[in-house]
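Heavy-atom basis, side chains included; hydrogens, waters and symmetry copies ignored. So you know, we letter chains A, B, ... as the sequences are listed, proteins then strands, and number each from 1.
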There are 2 protein chains.
Amino acid sequence: MATILDVARLSGLSKTTVSRVINNHPYVSEEKKKQVLKAMKELGYTPNPSARRLRGQLTTTIGVIVPRIVNPFFSHLVNSIEQAAYKKGYQVLIFQSYEDKEKEIAFLNLLKTKQVDGVIMTSIENDWKMIESYKEYGPILLCNDYVNQTVAPMIRLDQSKGAYLGGKHLIDKGHQKIAYCTGGLFDEEGKGKDRNHGFQKALHEARIKINPKWIFVDQHTIADGKQVMKQILEMDDRPTAIFTGSDEVAGGIIIEAKEQGLAIPQDLAVVGFDDQPIAEILDPKLTTIRQPVDQMGEKSIQVMLNILDNPETEIKSYELPIELIVRQST
Amino acid sequence: MATILDVARLSGLSKTTVSRVINNHPYVSEEKKKQVLKAMKELGYTPNPSARRLRGQLTTTIGVIVPRIVNPFFSHLVNSIEQAAYKKGYQVLIFQSYEDKEKEIAFLNLLKTKQVDGVIMTSIENDWKMIESYKEYGPILLCNDYVNQTVAPMIRLDQSKGAYLGGKHLIDKGHQKIAYCTGGLFDEEGKGKDRNHGFQKALHEARIKINPKWIFVDQHTIADGKQVMKQILEMDDRPTAIFTGSDEVAGGIIIEAKEQGLAIPQDLAVVGFDDQPIAEILDPKLTTIRQPVDQMGEKSIQVMLNILDNPETEIKSYELPIELIVRQST
DNA sequence: TTGTAGGCGTTATCAT
DNA sequence: ATGATAACGCCTACAA
């Protein structure tokens, strides 16, 4: 592996001059610059990022933490972040936390050791206090997931509004018996509480009481959705509509419902969340809440680079529009 | 950021001793070991990977190149690779080439500069000759995509057989007018040629002539599939079945066909490729060729670590089983 | 069993 | 405009 010294030797100049050329510093004559460039090419020279980082340079790398990349919502989010970063000359390091606290911390350590200039977290596993302690090593930005106070720059969606829109839509369609399905819990304080609030608000406004039997928590996958549908089928008193926390769960519900001979939306209206590709693939096509993934990525990078450039930037929270997409499942 | 020197000072010992503790070397008394561990914890010390890499250590990091992570096939493949790597204490660096030659090379440079111990390529954009020149810096393993000679360890599937199975299945179902849809070209030598061969073989055996009008090249997405279906509908002489290069394209075809009032499989039988989650979501469920993603990841890591451990290992190619999954779309 | 010193490749500082 | 040198944090001969 060729080093800067090799280039220096071959071009008959000093390491310093070579370094100047590499980094586009001034005070290098055109002539010597050419010599250096030629030597670099001849040797197939590539600067060693480890040495650069060790030397304390910016890494032009941003870390992104997602729970799991196989979740289409996150793979699209990562993609949009990466695209935006690339345009600005930044690389992206993708890391899956698998919803594991320790893995999350392990990744945050990259910030400490200057492997990345900043970290974008699309989900939070540890307590914020734990994560906060890493802020001194570099900016941490929250995209998608968020905490309550504005303790870090956040790119967020009004999840509460999203759930409200979904619930309201079902009510407007004449439903009174509405089930609810979340990836989190139905606690006052747990994961997914904002969506819970929004949903509750919609029902409350219409003076509809929530039936606890129709609340399903910790549901994530297509398989989970099928399971939920099976449970519903066994009930004496069944809901006529269901609001879910993800398009995938909604998909599972629809598939299983059809399998069991139910008609969607006549026998059961279904609302998803995310507007993933699957929403248009399902038959009937899924009514869902659209999360503006591309904008989220774009904005995250914009804010992150801004902070990197100007560390004194005020910490702000940005809210992106979330909207209801009505299709055939309601 | 605390360094090894800080730990040494706090524990009243030398850098060497601290290093020994970090790396679990022998010849450290229990007592001093405890002191060191205590100091490390107190300072929140994390070794700096850049310094380690610069020093020429193994990085316990493996790079994976995929064309695009939003493609579910690749996100699942990456996932399985990462899972397998994690079990062995390795990290995975994910990189998207976006089917761009330069980006691919940029990533291969990480090998040169010892950022990763080895690279797993799930797709190849540049000529093999170009890529081969990076082999001197570390092992390059081909997983999924492959070249013709055994010039590198390869984990591959018999794509030709897969396409043959798909074509044969349609023929067995009584079809004579079979269309073909590929993500590559229909050349003798281009991308996707193995599948082309397999498909051609199946038809050839049944003495069916291929109708060039029914060949669609460079098709990748759901939108592409819809487009293909539209083209078919405009034909006077329509195929009664279609074999596609991906479940997504197949999905687009099915969605559009239903939209236009065609019945699947009565009016058009459809075979996909990959057996992605979407295959079971589609209605009717998709008959497709299953690629054993989990096994591919597992095997790739196994072979990679083996080579890392023992660089003289013979270069071999491993073939994993590919199979036809019959569902409702045929 | 423990410590000293040198070097990995780079860039910033300070000469010249 | 160019060059010598120190320093980033770590590991490992070598010495004690």
From the list A/Val116, A/Ile120, A/Ile81, A/Leu141, side chain to side chain contact (heavy atoms under 4.5 Å, CB included) partner of A/Ile62 resolves to A/Ile120
Residue pair A/Arg156, A/Leu142: steps toward the side-chain contact (heavy atoms from CB on, under 4.5 Å) verdict:
CA-CA 8 Å; A/Arg156 45 165 292 178; A/Leu142 268 27; over 6 Å; no
**Message:** Apply side-chain contact (heavy atoms from CB on, under 4.5 Å) to residues A/Ser80 and A/Leu77 and explain how you reach the verdict.
**Reply:** CA-CA 5 Å; A/Ser80 80; A/Leu77 185 53; 4.1 Å; yes
task = Please examine the side chains of A/Asn144 and A/Gln159, heavy atoms only from C-beta on, and report whether any two atoms are closer than 4.5 Å.
result = yes
Notebook entry, point to check: Would A/Thr17 and A/Ser14 satisfy side-chain contact (heavy atoms from CB on, under 4.5 Å), going step by step from the backbone distance to the final call?
Noted result: CA-CA 5 Å; A/Thr17 305; A/Ser14 72; 3.2 Å; yes
Counting the atoms with a prime plus P, OP1 and OP2 as sugar-phosphate, which does [X] contact under 4.0 Å by heavy atoms, base, sugar-phosphate, or nothing?
X: B/Arg52; result: sugar-phosphate
X: B/Thr16; result: base
X: A/Pro47; result: sugar-phosphate
X: A/Arg53; result: nothing
X: B/Thr17; result: sugar-phosphate

Per nearest nucleotide of DNA chain C, the residue lying toward the 5' end, B/Gly12 or A/Ala2, is B/Gly12
Using OP1 and OP2 only, check whether a side-chain N or O of [X] sits under 4.0 Å from [N].
X: B/Thr3; N: D/dG9; answer: no
X: A/Asn23; N: C/dT11; answer: yes
X: A/His25; N: D/dT2; answer: no

Quick check: any donor-acceptor pair below 3.5 Å linking the side-chain of A/Arg55 to the base of D/dC8? no
query: Within the modelled atom types, does a donor on one side and an acceptor on the other bring the side chain of B/Arg20 and the base of C/dG3 under 3.5 Å apart?
result: yes
Find the distance [X]:[atom1] to [N]:[atom2] and express it as a whole number of Å.
X: A/Asn24; N: C/dA12; atom1: CG; atom2: P; answer: 13 Å
X: A/Tyr45; N: C/dG9; atom1: OH; atom2: C1'; answer: 7 Å
X: A/Lys114; N: D/dC10; atom1: NZ; atom2: C1'; answer: 17 Å
X: A/Ile4; N: D/dT2; atom1: CD1; atom2: C1'; answer: 14 Å
X: A/Tyr27; N: D/dA1; atom1: OH; atom2: P; answer: 7 Å
X: B/Leu54; N: D/dC11; atom1: CG; atom2: C1'; answer: 11 Å
X: A/Arg9; N: D/dA4; atom1: CZ; atom2: P; answer: 13 Å
X: B/Leu13; N: C/dT1; atom1: CG; atom2: C1'; answer: 11 Å

| message | For B/Gln302 and B/Tyr318: C-alpha separation, side-chain torsions, deciding distance, then whether side-chain contact (heavy atoms from CB on, under 4.5 Å) applies. | response | CA-CA 12 Å; B/Gln302 183 200 317; B/Tyr318 302 83; over 6 Å; no
*asked:* Would you say NZ of A/Lys135 has more than 12 non-hydrogen atoms from neighbouring residues, nucleotides or ligands within 6.0 angstrom?
replied: yes
Greater than 12 external heavy atoms within 6.0 Å of B/Lys33's NZ
no
What residues 28-41 of chain A contributes to the DNA chain C interface at heavy-atom separation below 4.0 Å is none
